[in-house]
Amino acid sequence: MTTMNAETVVLADAEPAEEETAARLIHDTGSYVFDCLYNRDFDAYLRITSALWLREGGAFSHVHARAALHDGRLAGIALGFPQTLYEQEFGTGMMAMAEMGTPELLAHLPSVAGHIPWLFPEVPDDAWYLLFLSAHPAARGRGIGEKLLLDCFARAKAAGCASLHLDVASVNPAVRFYERMGLERLAETTVPKIAASHAVPSHIRMVKHLV
């Protein structure tokens with residue numbers, strides 16, 4: 001078996017498969033927010049997000065993702081879309097939680113659901129939004145994230161977008177990676193209620209101008 005790195009992975013459109021691996025990769029990109037939203041019930045998160053990955057639409061669907069494949073298995077994902085599609089798909093995750101959540105989760109949601117969106121500023125009409133970018137824990141630091149992000153830049157340009165936007169927790173080491181890849185800090189947002197209740201840190205909106 002070859003070593004998992006940028007040279008040995010192939011980028012392809014994601015498939016409705018390896019849903020649990022995909023859900024774990026998605027969780028790694030925003031664990032603070034997911035732990036707040038699911039009240040630290042990882043099993044519920046994994047069950048619901050795995051189901052959403054398999055769907056043919058929605059913000060967590062494989063149809064919006066590119067996969068980094070190593071020996072045919074998921075080594076990383078990049079999931080994003082133009083702003084118009086982002087706006088259309090954004091609320092689908094919350095609706096699925098309402099459909100598939102446990103009674104405990106449904107009782108918890110109202111206490112945080114109205115606060116989490118304040119972490120994420122509006123996305124300009126001419127922008128492409130990168131919702132999730134994650135490499136397999138066994139292959140981090142080996143160029144897979146960079147390969148996926150460069151592919152995102154190309155996809156955004158092909159879609160006619162003027163910039164790429166993303167949000168990342170201020171304490172996430174990925175901030176330095178994104179800066180190295182040419183993204184700039186645009187704003188930093190803190191939501192006191194969920195910072196106090198679930199230790200959700202401030203989030204940074206970062207942007208890469210493509211034209």
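Model, not experiment: these values are computed from the prediction.
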(request) Would you please test Phe60 and Phe132 for side-chain contact (heavy atoms from CB on, under 4.5 Å) and show each step? (result) CA-CA 9 Å; Phe60 293 75; Phe132 305 121; 3.4 Å; yes
(request) Step through it carefully: locate the ring centre of His203, locate the ring centre of Tyr32, and say whether they are under 6.0 Å apart. (result) no
(message) Check for me whether the distance between the ring centres of His165 and His209 falls short of 6.0 Å.
(response) no
Main-chain N/O of [Y] paired to [X] side chain as donor or acceptor, under 3.5 Å:
X	Y	value
Arg205	Pro121	yes
Ser61	Arg55	yes
Arg140	Ala135	yes
Ser134	Asp28	no
His136	Ala138	yes
His62	Asp13	no

Work out which heavy atom in [X] is nearest to a heavy atom in [Y]; give both atom names and the distance.
X	Y	answer
Leu69	Ala12	CD1-CB, 4.1 Å
Trp53	Ala65	CH2-CB, 3.7 Å
Met4	Ala75	SD-CB, 3.6 Å
Cys161	Leu210	O-CD1, 3.8 Å
Lys147	Ala6	NZ-O, 2.9 Å

When clusters are formed by joining ILVMFWY residues with side-chain heavy atoms under 4.5 Å apart, either directly or through shared neighbours, do [X] and [Y] land in the same one?
X	Y	result
Val9	Leu150	yes
Val112	Phe42	yes
Val191	Leu109	yes
Leu131	Leu119	yes
Ile26	Phe120	yes

(request) List the steps and the verdict of side-chain contact (heavy atoms from CB on, under 4.5 Å) for Leu183 and Leu166. (result) CA-CA 9 Å; Leu183 282 85; Leu166 61 86; 3.4 Å; yes
Are [X] and [Y] side-chain neighbours, meaning at least one heavy-atom pair lies under 4.5 Å?
X	Y	result
Ile194	Trp118	no
Ile48	Tyr38	yes
Glu20	Arg24	yes
Val207	Tyr178	no
Met206	Val168	yes
His27	Thr49	no
Trp128	Cys152	yes
Leu79	Leu130	no

(message) Does atom CZ (Arg73) have a neighbourhood of more than 12 heavy atoms from anything else shown, all under 6.0 Å?
(response) no
(message) Taking CD in Glu122 as the centre, count heavy atoms belonging to other residues, nucleotides or ligands within less than 6.0 Å. Is the count above 12?
(response) no
(request) Would you please name every residue forming a salt bridge (Lys or Arg N to Asp or Glu O under 4.0 Å) with Asp41, sequence neighbours left out? (result) none
With rounding to the nearest 0.5 Å, note down the distance linking [atom1] in [X] to [atom2] in [Y].
X	Y	atom1	atom2	result
Leu52	Arg47	CG	CZ	10.5 Å
Leu11	Ile77	CG	CD1	12.5 Å
Glu18	Leu74	CD	CG	4.0 Å
Leu37	Leu105	CG	CG	7.0 Å
Ser163	Asp126	OG	CG	5.5 Å
Met181	Leu149	CE	CG	4.5 Å

(request) Take Asn5 and His70, measure what side-chain hydrogen bond (donor to acceptor under 3.5 Å, both in side chains) needs, and give me the verdict at the end. (result) CA-CA 8 Å; Asn5 59 40; His70 179 257; over 6 Å; no
(request) For the pair Glu188 and Ser202, evaluate side-chain hydrogen bond (donor to acceptor under 3.5 Å, both in side chains) and give the outcome as yes or no after the intermediate values. (result) CA-CA 6 Å; Glu188 185 168 349; Ser202 62; 2.6 Å; yes
Should the pair [X]-[Y] be classified as a salt bridge under the 4.0 Å nitrogen-to-oxygen rule?
X	Y	answer
Glu184	Lys208	no
Asp151	Arg66	yes
Arg142	Glu7	no

(message) For a ring-ring contact (aromatic ring centres under 6.0 Å, His included) check, start with the C-alpha distance between His198 and His115, then their side-chain angles and the critical distance, and finish with the verdict.
(response) CA-CA 12 Å; His198 289 79; His115 297 272; over 10 Å; no
(request) Tell me, with the steps shown, if Ser170 and Val175 meet side-chain contact (heavy atoms from CB on, under 4.5 Å). (result) CA-CA 7 Å; Ser170 59; Val175 173; 5.7 Å; no
(request) Would you please classify the geometry between the Tyr45 ring and the Phe34 ring as parallel, tilted or perpendicular, with 30° and 60° separating the classes? (result) tilted
(request) May I have the step-by-step check of side-chain contact (heavy atoms from CB on, under 4.5 Å) for Asp71 and Thr2, ending in yes or no? (result) CA-CA 8 Å; Asp71 293 337; Thr2 58; 4.0 Å; yes
